[in-house]
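Please read these numbers as outputs of a predicted model, since none were measured by experiment. Only this structure's heavy atoms are used, side chains among them; waters, hydrogens and symmetry mates stay out.
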Amino acid sequence: MIKILLAQPRGFCAGVIRAIDIVDRALDRVGAPVYVRHEIVHNRHVVDTLKAKGAVFVEELDEVPAGEVTIFSAHGVSRVVQKDAEDRGLPVIDATCPLVSKVHNQGRRYVGSGRTLILIGHAGHPEVEGTLGQIDGEVHLVGTPDEVAALPIPVDAAVAYITQTTLSVDDTRVIIAALEARFTDLTGPSTAEICYATQNRQSAVRELCQHADLLLVVGSPNSSNSNRLREIGTEMGKPAYLIADGSQFDPAWLDGVETIGLTAGASAPEELVQSVVDAIRAIAPASVQPLDGLEENVQFRLPPALNRLQPRSRVA
């Protein structure tokens, strides 16, 4: 019999739960449609479920009709986008994860104190684009130690760094070390302030890989944190695959495998994890055992703007 070990924690984090809840509640209050700029979170199943309820996902605000409720995704947006929505008079609900907003505030404080700001993150990621657009002045983006070495900043400059929340302490440690080695006056947030959910899920995967022959990560290809979980499995010498759900499970992966480690990225719902379990059990008998791990009890408040929404008037 195959043993399936479930990582703890796995799946939805508090910021994702909050973002999805915001869309659901907006639909309940005003009715369909409500408009969401970019994917509310990086998971196709979640997006499709919300679409079926009446959410309309757009890339830019000019796709939103005048006066329609508009929701910003959990990844955050730039001030230009915020100003555009304000100029158009769109009723906005901001679903930006509070931990992302915290990074924005940290960056503004560092720049306000006269420091040159460095953002550790992945170019092109929606969160990074939003953060770059939330801070006045130049922000230097780095993703590798080599990019740190190439920064056009004097070694004795007053420098500060902030980090993309979907990176963990482990992900950023080598880059922070490179910054510390280069700059004589450097400050940044403590490691305790880096996103709890990212770090917890990565730590759980490292524990999982101590016991499993194969690692499966449930998540979307465009999910940064899900991809990183798969990479950790590979780094630990395990065959590791990122799959959207049970339909993508390949029976060939079971060859020579006795124990499967199963986890999910922070934007993947538990029902997709169960679909993978079902897919495995359709091929061979399997037991399921959760590993001991951290129990997350973090909850974020919903934005007050939700309560100000008025039901859409219906024409008889």
Side-chain angles (χ1 to χ4, degrees), residues 10-77 81-82 84-85 88 90-101 125-127 129-130 165-166 197 217-227 242-248 264-276 298-312 314:
R10 65 184 179 277
F12 281 175
C13 64
V16 166
I17 292 171
R18 175 180 180 269
I20 295 170
D21 201 14
I22 286 170
V23 179
D24 276 330
R25 292 188 183 223
L27 285 165
D28 286 344
R29 290 187 73 88
V30 305
V34 298
Y35 291 79
V36 185
R37 185 182 181 274
H38 292 172
E39 293 184 345
I40 187 69
V41 296
H42 280 160
N43 187 273
R44 176 50 53 186
H45 176 82
V46 170
V47 169
D48 287 346
T49 298
L50 293 172
K51 277 183 179 178
K53 295 178 179 180
V56 178
F57 291 85
V58 300
E59 286 303 305
E60 300 300 341
L61 290 186
D62 59 14
E63 300 173 59
V64 180
E68 294 289 351
V69 171
T70 305
I71 299 172
F72 295 152
S73 81
H75 304 103
V77 299
V81 173
Q82 291 174 330
D84 185 16
R88 292 191 57 203
L90 296 174
V92 169
I93 310 296
D94 191 351
T96 301
C97 175
L99 295 181
V100 174
S101 297
H125 189 280
E127 181 188 327
E129 295 300 317
T165 65
T166 49
V217 179
V218 180
S220 292
N222 60 338
S223 167
S224 174
N225 74 87
S226 298
N227 276 286
L242 175 64
I243 57 178
D245 54 37
S247 69
Q248 295 186 348
S267 51
E270 184 64 17
E271 64 192 274
L272 300 185
V273 174
Q274 186 58 51
S275 77
V276 176
V298 178
Q299 292 182 323
F300 294 134
R301 293 180 183 176
L302 295 173
L306 263 178
N307 296 325
R308 296 193 291 268
L309 293 179
Q310 297 299 316
R312 181 180 281 107
R314 300 295 181 185

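Rounding to the nearest 0.5 angstrom, the gap separating the CZ atom in R25 from the CG atom in L306 is 7.5 Å. Going from atom CG of D62 over to atom CZ of R88 covers 7.5 Å, rounded to the nearest 0.5 Å. A distance of 9.5 Å separates OG of S73 from CD of E127, quoted to the nearest 0.5 Å.
Between P303 and I22 the shortest heavy-atom distance is CD-CD1, 3.5 Å.
Using a 4.5 Å heavy-atom threshold, the side chains of E59 and H38 count as touching. Between I71 and Y35, the closest side-chain pair of non-hydrogen atoms is not below 4.5 Å. Within the 4.5 Å cutoff, the side chain of V217 has no heavy atoms near those of the I243 side chain. Under the 4.5 Å side-chain criterion, counting only non-hydrogen atoms from C-beta, K51 is not in contact with V56. F57 is not listed as a side-chain neighbour of R37, based on a closest heavy-atom distance of 4.5 Å or more. In this structure, the side chains of L99 and F300 come closer than 4.5 Å at one or more pairs of heavy atoms. Side-chain atoms of S220 and N43, non-hydrogen and from C-beta on, do get closer than 4.5 Å to each other.
With hydrogens and angles ignored, the 3.5 Å screen pairs no side-chain donor or acceptor of T166 with any backbone N or O of N225. Proximity of a side-chain donor or acceptor of D245 to a complementary backbone N or O of L272 within less than 3.5 Å is not detected. Counting only distance, with no hydrogens or angles, the side chain of R29 and the backbone of N307 share a donor-acceptor pair below 3.5 Å. Between the T70 side chain and the E68 main chain, a donor and an acceptor come within less than 3.5 Å of each other. The backbone N or O of H125 sits nowhere less than 3.5 Å from a side-chain atom of E129 that would complete a donor-acceptor pair. Listed for the E63 side chain is a donor-acceptor partner under 3.5 Å among the backbone atoms of E60.
In summary, of the residues considered (V92, D94, L61), a side chain to side chain contact (heavy atoms under 4.5 Å, CB included) with Q82 occurs for D94 alone.
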*Do H45 and E271 pass the side-chain hydrogen bond (donor to acceptor under 3.5 Å, both in side chains) test, and can you show the C-alpha distance, the side-chain angles, and the key distance before you say yes or no?*
CA-CA 10 Å; H45 176 82; E271 64 192 274; 3.1 Å; yes

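Ion pairing between E270 and R10 holds under the 4.0 Å rule for side-chain N and carboxylate O.
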